[in-house]
Amino acid sequence: MTTVIRSEFDQGIALTRHPEEAGRYEAELGAGWQIGGGVNGGLLLAVAGHALSLEHESHPDPVSISGYYLSASTPGPATVRTEVLRTGRGLSTGTASLSQDGVERLRVVASHGDLSAADGEVRTSARPPQLPPPDQCIGVEHAPRELLTEAALLERFDLRLDPATVGWALGQPSGNGRIQGWFRLADGRQPDPLLLLLVADALPPVTFDLGMPGWAPTVELTVHLRAKPVPGWLRVTHATRNLAGGYFEEDAEIWDESGRLVAQSRQLARAPR
C-alpha cells in the first residue's frame with residue numbers, strides 16, 4: 001500500500017467547488033503561509049490562479065496574471081469567485097475575487113493558456129544571475145531570529161541566498177536594492193506554473209538591502225509566465241531601482257535549472273514604515 005502525501009503548497013492552494021454556485025470555490029488559508037501577520041501575497045495569487053485554471057479546462061496555465069491586494073488576508077476560510085470573460089483558441093481570460101467573511105482581499109485579472117505548447121523559438125538577451133552553488137549560499141536556518149518569527153512561510157522553503165546580497169542580515173545593507181538566490185520547496189515538490197506565482201513573492205523584500213527593515217505590503221503584483229519549469233532548483237532575483245513617495249517597485253526573474261527564464265514579475269509595494 002502506497003501512502004500519497006500532498007505537498008504543503010498543494011494543500012495551501014486546494015479548492016472545493018461550491019455545489020450550487022457556479023464559479024465559486026472554498027479555500028482554507030493556512031497559518032504556515034503567514035508573513036508579517038498576513039498570508040503571503042504570492043500564495044494568494046496562486047489560490048486565485050488555481051481557481052481560474054479549473055474554470056479554463058483547455059487552458060490550465062496562467063500566462064499573465066495581475067492581482068490587486070485590497071486588504072490583508074488572515075489564516076482561515078476564504079471564498080474565491082471567478083468569472084470567465086473570454087474563451088479563445090490560445091488564451092482564456094477571467095477574473096477572480098478572494099474574500100474572507102464578506103471582505104474582499106484580492107482581485108485578479110488573468111489570461112490562461114497551455115504552456116506545454118509554448119516551446120517555440122526563443123530570442124532573448126536575458127541572462128540568468130550568476131550565483132555560487134546552493135551549498136555555498138546562505139540558508140534560511142541562518143536568518144535573523146526576528147525574521148523567522150515574522151515569516152512562518154520560510155519554514156516551507158529551501159531558500160539559499162547569494163552571500164553577496166545578504167549584508168542586510170549583518171547590519172550592512174549594500175544599498176543596491178537586490179536580493180537573489182536559489183529556491184525550492186522544503187518538502188521536495190517540483191516547480192510548476194502555479195508554484196511560480198508563489199516564488200515571485202517569496203524572497204525577503206528588496207528594501208532590506210536598502211537598509212529599511214520591516215515588511216512591505218504589496219499593492220499590486222503582475223506575473224508573466226514564459227515556460228513550464230523543469231524539475232530542480234529555481235534561480236530567483238529581486239531588484240528595485242526606484243523608491244519614492246513611500247512606494248517602490250520590485251522586479252523579479254525566475255530561471256529554472258535548464259537555464260530558461262520561466263517567469264518575470266513586477267510588483268508595487270509600500271515601503272516599510
Using the side chain to side chain donor-acceptor pair (under 3.5 Å) rule, take Glu249 and Thr240 through it: C-alpha gap first, then chi angles, then the decisive distance, then the call. CA-CA 6 Å; Glu249 93 287 344; Thr240 186; 3.3 Å; yes
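- In the hydrophobic clustering (ILVMFWY side chains linked at under 4.5 Å, chained through shared members), Val219 is joined by Tyr247, Leu268.
- Residues Asn176 and Asp209 have side chains that never bring a donor and an acceptor to within less than 3.5 angstrom of each other.
- Every salt bridge (Lys or Arg N to Asp or Glu O under 4.0 Å) that Asp251 has, sequence neighbours left out, goes to Arg266.
- Between His112 and His59, the ring center distance fails the sub-6.0 Å criterion.
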What do the steps show when you test Phe248 against Thr207 for side chain to side chain contact (heavy atoms under 4.5 Å, CB included), and what is the final call? CA-CA 8 Å; Phe248 68 99; Thr207 42; 3.5 Å; yes
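- Listed by chain and residue number, Glu104 satisfy the side-chain hydrogen bond (donor to acceptor under 3.5 Å, both in side chains) test with Arg107 (two or more places apart in sequence, or in another chain).
- Judged as a side chain to side chain contact (heavy atoms under 4.5 Å, CB included), and not counting sequence neighbours, the contacts of Glu20 are His18.
- Using the six-membered ring where Trp is involved, Trp33 and Phe9 have ring planes that are perpendicular, over 60° apart on the 30 and 60° scheme.
- Of all heavy-atom pairs spanning Glu55 and Gly23, the tightest one is OE2-CA, 3.8 Å.
- Between the side chains of Asp201 and Gln267, at least one donor N or O sits under 3.5 Å from an acceptor N or O.
- Between Phe208 and Trp215, a ring centre-to-centre spacing shorter than 6.0 Å is recorded.
- In this structure, the separation between NE2 on His238 and CD on Glu250 is 5.5 Å, given to the nearest 0.5 Å.
- Separating the CG atom in Leu197 from the CG atom in Leu45 is a distance of 5.0 Å, to the nearest 0.5 Å.
- Evaluation of the side chain to side chain contact (heavy atoms under 4.5 Å, CB included) rule for Ala51 yields Leu15, Tyr25, Val80, Thr82 as partners, not counting sequence neighbours.
- Pairs passing the salt bridge (Lys or Arg N to Asp or Glu O under 4.0 Å) check and including a residue from residues 168-197, sequence neighbours excluded, read Asp10-Arg189, Asp158-Arg184, Arg189-Asp192.
- Alongside Leu85, the hydrophobic cluster contains no other residue (criterion: ILVMFWY side chains under 4.5 Å).
- Within the 3.5 Å criterion, the main-chain N or O of Gln34 finds no donor-acceptor partner in the side chain of Asn40.
- Shown here are the side chain to side chain contact (heavy atoms under 4.5 Å, CB included) partners of Ser58, two or more places apart in sequence or in another chain: there are none.
- In this structure, Ser73 and Leu29 approach most closely via the heavy-atom pair CB-CD1, 4.1 Å.
- There is no side-chain donor-acceptor pair under 3.5 Å between Thr218 and Glu220.
- Within the structure, the salt bridge (Lys or Arg N to Asp or Glu O under 4.0 Å) test picks out no pair touching residues 162-173 (sequence neighbours left out).
- A distance of 12.5 Å separates CG of Asp61 from CG of Leu52, quoted to the nearest 0.5 Å.
- Within the structure, salt bridge (Lys or Arg N to Asp or Glu O under 4.0 Å) pairs that include any residue of residues 71-83 comprise Glu21-Arg81 (at least two apart or interchain).
- Screening residues 84-99 for salt bridge (Lys or Arg N to Asp or Glu O under 4.0 Å), with sequence neighbours left out, gives no hits.
- Remark: Asp101 CG is loosely packed, at most 12 non-hydrogen atoms of other residues, nucleotides or ligands lying under 6.0 Å away.
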Could you walk me through whether Ser265 and His224 pass the side chain to side chain contact (heavy atoms under 4.5 Å, CB included) test, one step at a time? CA-CA 6 Å; Ser265 73; His224 295 162; over 6 Å; no
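- Listed here is the closest heavy atom pair of Pro163 and Pro132: CD-CG, 4.0 Å.
- Atom CG of Leu131 is separated from atom CH2 of Trp233 by 11.0 Å, given to the nearest 0.5 angstrom.
- Residues Arg6 and Gln11 have side chains that never bring a donor and an acceptor to within less than 3.5 angstrom of each other.
- Of all heavy-atom pairs spanning Ser66 and Thr222, the tightest one is OG-OG1, 2.7 Å.
- Every side chain to side chain contact (heavy atoms under 4.5 Å, CB included) that Gln264 has, sequence neighbours left out, goes to Arg226, Leu261.
- Nearest approach of Pro213 to Pro272, heavy atoms of both residues: O-CB, 3.2 Å.
- In the hydrophobic clustering of this structure, Val47 does not group with Val84; members are Ile, Leu, Val, Met, Phe, Trp, Tyr whose side-chain heavy atoms approach within less than 4.5 Å, directly or through other members.
- Side-chain atoms of Thr79 and Ser99 form no donor-acceptor pair, as typed in the model, at a separation below 3.5 Å.
- Contact between Gly113 and Val63 at its shortest, heavy atoms only, is N-CG2, 3.5 Å.
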